[in-house]
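These numbers were taken from a predicted model, which means no experiment stands behind them. Note on naming: letters A, B, ... go to the chains in the order of the sequence lines (proteins, then strands), and numbering restarts at 1 for each one.
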Amino acid sequence: MPDEPKQRTHKGQFVRAVPRHGATLRLTIDRDTVEAVEGDSLLAVLLLNGRVVRHLEFGGAPRAGFCLMGACQDCWVSLGDGDRVRACTTLAANEMVVWTDPQKAHADA
Amino acid sequence: MPNVVIVGGGPAGIRAASILVEAGLKPVLVNETRQVGGQGYRAPAKSLAVDINALMGSEAGKYQRLHSLFASLQERIDYRSGTLVWGVHEKVLHTLCDGTAGTIPYDALILATGATDRIMPLPGWTLPGVFTLGGAQVILKDQGCLIGNRIVFLGSSPLLFLAALQYHKSGASIAAVVDTTPLSAKRAAMRDLAASPRTLARGIVYRASLHMAGVPIIDGATPRGIDGEGHVEGVRITDGRGRERLIPCDAVAYGYGLKPETQLAELAGARFRFDPIFRLWLPETDADGRAGADLYLAGDGAAIGGADAAEASGALAAHALLTDMGRAQPEAELARLRREVERLRQFQRGLARAFAWPVAQSATLSDETVACRCEAVTVGEIRSAVHAPLGPREVNRVKAITRCGMGRCQGRFCGPALQEIVAGACVVPIAEVGRLRMQAPVKPIPLHAAAEMEP
Ligand SMILES: Cc1cc2nc3c(=O)[nH]c(=O)nc-3n(C[C@H](O)[C@H](O)[C@H](O)COP(=O)(O)OP(=O)(O)OC[C@H]3O[C@@H](n4cnc5c(N)ncnc54)[C@H](O)[C@@H]3O)c2cc1C
Ligand code: FES
């Protein structure tokens with residue numbers, strides 16, 4: 001399985017077509033620091049910076065969300081405090097720590 | 001004052017609220033999304049510099065009217081944004097807002113929950129970079145993002161052309177629009193489509209604009225699969241003339257029209273009937289949206305009809321509710337609204353033919369194709385379950401054995417295909433394999449919230 005941080009040095013899946021005005025946020029995604037703008041969803045931040053959101057619990061296939069509207073549940077990630085959230089309906093916040101792989105979150109703790 | 005609750009802040013829910021406010025009530029309006037307007041008419045966040053008029057095109061006027069209507073209501077309703085209704089039990093709604101559980105009791109309930117994309121599995125459809133067609137539109141309005149650099153719009157839906165045009169206007173590079181329904185089927189549907197000449201004309205304009213912009217449009221194609229190592233690299237199709245083609249791209253917007261979100265209606269006691277044109281189980285209502293005692297359904301959540309039908313049916317549901325409270329309603333207005341809804345739903349029946357659900361595709365899916373993306377259940381696993389000695393022939397039993405439909409999306413995305421695959425494997429009409437049943441919570445919620453539902 002490819003290492004997440006390495007993939008994230010490639011350009012992201014999403015392309016920002018419309019600028020967003022707001023405070024700059026700094027988040028940590030699997031140990032990488034990424035910038036976002038207040039109002040960005042966590043999924044947008046993940047996919048502006050990478051192409052994979054998580055690996056499926058059943059078999060490990062890479063996933064990057066699907067419905068983008070809170071219906072498919074294919075975008076769940078772990079936060080630093082251990083909470084699991086749906087990335088497409090969660091707003092990014094400053095100093096948020098995000099783990100795309102719950103195992104890595106455990107290994108780090 | 002009776003406690004009236006509306007679920008859904010789209011055109012149907014907003015219009016229903018306005019009729020109730022005019023009658024002197026103060027309804028509760030619960031909406032899952034933070035931004036109001038529903039799926040198609042969702043307001044972009046203030047911080048996003050989206051040119052919403054350009055994006056809405058010919059619908060910009062309607063968009064503005066709906067949002068000024070909502071603005072005029074906001075003080076006169078109890079609006080709960082960012083609040084999910086995840087259960088209904090004995091006339092109480094169970095909600096979740098920012099991780100906090102709550103309840104809302106009601107005397108009468110209007111459900112205007114809208115729709116989600118209807119999906120047919122395809123080899124490679126779970127690859128990163130494949131998104132629903134509706135999702136591709138939502139992410140543009142909600143986040144100002146495009147789903148990729150070079151995009152294929154694939155499936156069959158009037159929204160295919162609308163979405164592609166919105167993406168084109170937003171500066172996206174569109175590799176192709178691939179519509180799986182042949183043009184001959186579109187011509188055959190013309191009679192029903194003539195029920196709404198304006199909408200029909202709009203669809204033709206979208207298509208012509210894309211064509212003029214040099215976007216390749218491919219009709220009557222059969223999708224073979226989405227290729228890529230770890231993410232989307234191309235779409236393989238057989239085009240209408242039988243040629244195999246690979247269209248390179250880094251993102252796919254995929255969908256076959258819309259499917260009503262009926263989970264809450266089911267929990268609230270609605271009955272269902274099989275609709276042979278949509279090939280879906282739809283809630284039973286009367287012409288005004290009555291679906292049971294103190295239960296009313298409106299908009300795409302009752303039957304796919306588009307935004308205009310959603311507004312009209314929202315108004316009808318509110319009038320029906322007021323009538324049932326013993327308040328006389330303007331008969332001429334009711335008759336006009338009924339005609340409007342009937343005409344627009346007739347048009348949708350035409351659309352369902354012109355942009356067909358690919359029944360044949362389900363029969364040709366390879367056994368390795370993933371049917372359930374939540375738990376990676378394959379088409380082959382479903383077929384072998386059915387073909388086993390004394391194997392089940394009813395979808396809920398197939399679900400129990402294979403877990404297809406049991407995952408976190410509650411069968412929203414695999415459900416329609418599961419019905420087709422089971423019917424195909426049993427060689428029976430699709431209505432005979434039954435309907436997938438739903439349970440609360442309609443979307444996953446934290447355990448502590450579920451615990452609070454226990455009496
Ligand atoms: C993804 C998508 C994109 C579309 N894009 C366009 C477009 O660009 N142009 C166009 O003309 N038409 C578009 N349409 C079609 C058009 O928007 C719909 O026909 C119209 O919005 C239907 O209105 P409605 O009020 O029935 O439902 P919707 O507008 O879908 O509103 C339903 C609302 O209910 C809320 N809801 C659902 N379930 C719950 C729950 N359990 N708890 C709380 N709230 C809930 C949803 O969050 C949503 O806000 C689109 C449809 C979809 C699904
Ligand atoms: S992408 Fe479907 S729920 Fe988030």
Which N or O donor-acceptor pairs, by atom type, sit under 3.5 Å across chain A and chain B?
{"unit_1": "Gln13(A)", "atom_1": "NE2", "unit_2": "Ile147(B)", "atom_2": "O", "d": "2.9"}
{"unit_1": "Gln13(A)", "atom_1": "NE2", "unit_2": "Asp250(B)", "atom_2": "O", "d": "2.9"}
{"unit_1": "Val15(A)", "atom_1": "N", "unit_2": "Leu146(B)", "atom_2": "O", "d": "3.0"}
{"unit_1": "Val15(A)", "atom_1": "O", "unit_2": "Leu146(B)", "atom_2": "N", "d": "2.7"}
{"unit_1": "Ala17(A)", "atom_1": "N", "unit_2": "Gly144(B)", "atom_2": "O", "d": "2.8"}
{"unit_1": "Val18(A)", "atom_1": "N", "unit_2": "Gly144(B)", "atom_2": "O", "d": "3.1"}
{"unit_1": "Pro19(A)", "atom_1": "O", "unit_2": "Ala49(B)", "atom_2": "N", "d": "3.2"}
{"unit_1": "Arg20(A)", "atom_1": "NH1", "unit_2": "Ser47(B)", "atom_2": "OG", "d": "3.0"}
{"unit_1": "Arg20(A)", "atom_1": "NH2", "unit_2": "Gln143(B)", "atom_2": "OE1", "d": "3.0"}
{"unit_1": "His21(A)", "atom_1": "N", "unit_2": "Ser47(B)", "atom_2": "O", "d": "2.9"}
{"unit_1": "Ser41(A)", "atom_1": "N", "unit_2": "Gln143(B)", "atom_2": "OE1", "d": "2.9"}
{"unit_1": "Arg51(A)", "atom_1": "NH1", "unit_2": "His231(B)", "atom_2": "ND1", "d": "3.4"}
{"unit_1": "Arg51(A)", "atom_1": "NH2", "unit_2": "His231(B)", "atom_2": "ND1", "d": "3.3"}
{"unit_1": "Glu57(A)", "atom_1": "OE2", "unit_2": "Arg408(B)", "atom_2": "NH2", "d": "2.9"}
{"unit_1": "Arg63(A)", "atom_1": "NH1", "unit_2": "Arg373(B)", "atom_2": "O", "d": "2.7"}
{"unit_1": "Arg63(A)", "atom_1": "NH2", "unit_2": "Arg373(B)", "atom_2": "O", "d": "3.3"}
{"unit_1": "Phe66(A)", "atom_1": "O", "unit_2": "Thr132(B)", "atom_2": "N", "d": "2.9"}
{"unit_1": "Cys67(A)", "atom_1": "O", "unit_2": "Thr132(B)", "atom_2": "OG1", "d": "3.3"}
{"unit_1": "Gly70(A)", "atom_1": "O", "unit_2": "Lys443(B)", "atom_2": "NZ", "d": "3.0"}
{"unit_1": "Asp74(A)", "atom_1": "OD2", "unit_2": "Arg373(B)", "atom_2": "NE", "d": "2.9"}
{"unit_1": "Asp74(A)", "atom_1": "OD2", "unit_2": "Arg373(B)", "atom_2": "NH2", "d": "2.8"}
{"unit_1": "Thr89(A)", "atom_1": "O", "unit_2": "Arg34(B)", "atom_2": "NH2", "d": "2.6"}

Which pair of non-hydrogen atoms, one from [X] and one from [Y], has the smallest distance, and what is that distance?
X         : Y        : value
Leu140(B) : Ala17(A) : CD1-CB, 4.5 Å
Cys374(B) : Leu56(A) : O-CD1, 3.5 Å
Val130(B) : Phe66(A) : O-CD1, 3.3 Å

Heavy-atom contact with chain A under 4.5 Å, split by part of [X]:
X         : result
Val442(B) : neither
Ala45(B)  : side chain
Ile119(B) : side chain

Are any of the side-chain heavy atoms of Pro128(B) and Val53(A) separated by less than 4.5 Å?
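When only atoms from C-beta onward are counted, Val53(A) and Pro128(B) do not touch, as no gap falls below 4.5 Å.
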Looking at Leu43(A), Leu47(A), Leu68(A), which makes the most heavy-atom pairs under 4.5 Å with chain B?
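Of Leu43(A), Leu47(A), Leu68(A), Leu68(A) has the most heavy-atom pairs under 4.5 Å with chain B.
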Name the member of Gly65(A), Gly22(A), Cys88(A) that forms the most heavy-atom pairs with chain B at distances under 4.5 Å.
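Among the listed options, the one with the most contacts to chain B is Gly65(A).
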Find the distance between SG (Cys67(A)) and CZ (Phe131(B)) and round it off to the nearest 0.5 Å.
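Nearest 0.5 Å value for the SG-CZ distance: 10.5 Å.
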Which residues share a side chain to side chain contact (heavy atoms under 4.5 Å, CB included) with Val50(B), sequence neighbours left out:
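Applying side chain to side chain contact (heavy atoms under 4.5 Å, CB included) to Val50(B) gives Val18(A), Pro44(B), Leu48(B), Leu55(B).
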Sequence neighbours excluded, which residues qualify as side chain to side chain contact (heavy atoms under 4.5 Å, CB included) partners of Ala253(B)?
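Ala253(B) satisfies side chain to side chain contact (heavy atoms under 4.5 Å, CB included) with Leu133(B), Ala136(B), Ile147(B), Phe153(B) once adjacent residues are dropped.
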Between [options], which has the largest tally of heavy atom pairs under 4.5 Å with chain A?
options                                    : answer
Ile139(B), Val370(B), Leu127(B), Val138(B) : Ile139(B)
Pro446(B), Ala376(B), Ala251(B), Pro444(B) : Pro444(B)
Gly230(B), Gly129(B), Gly171(B)            : Gly129(B)

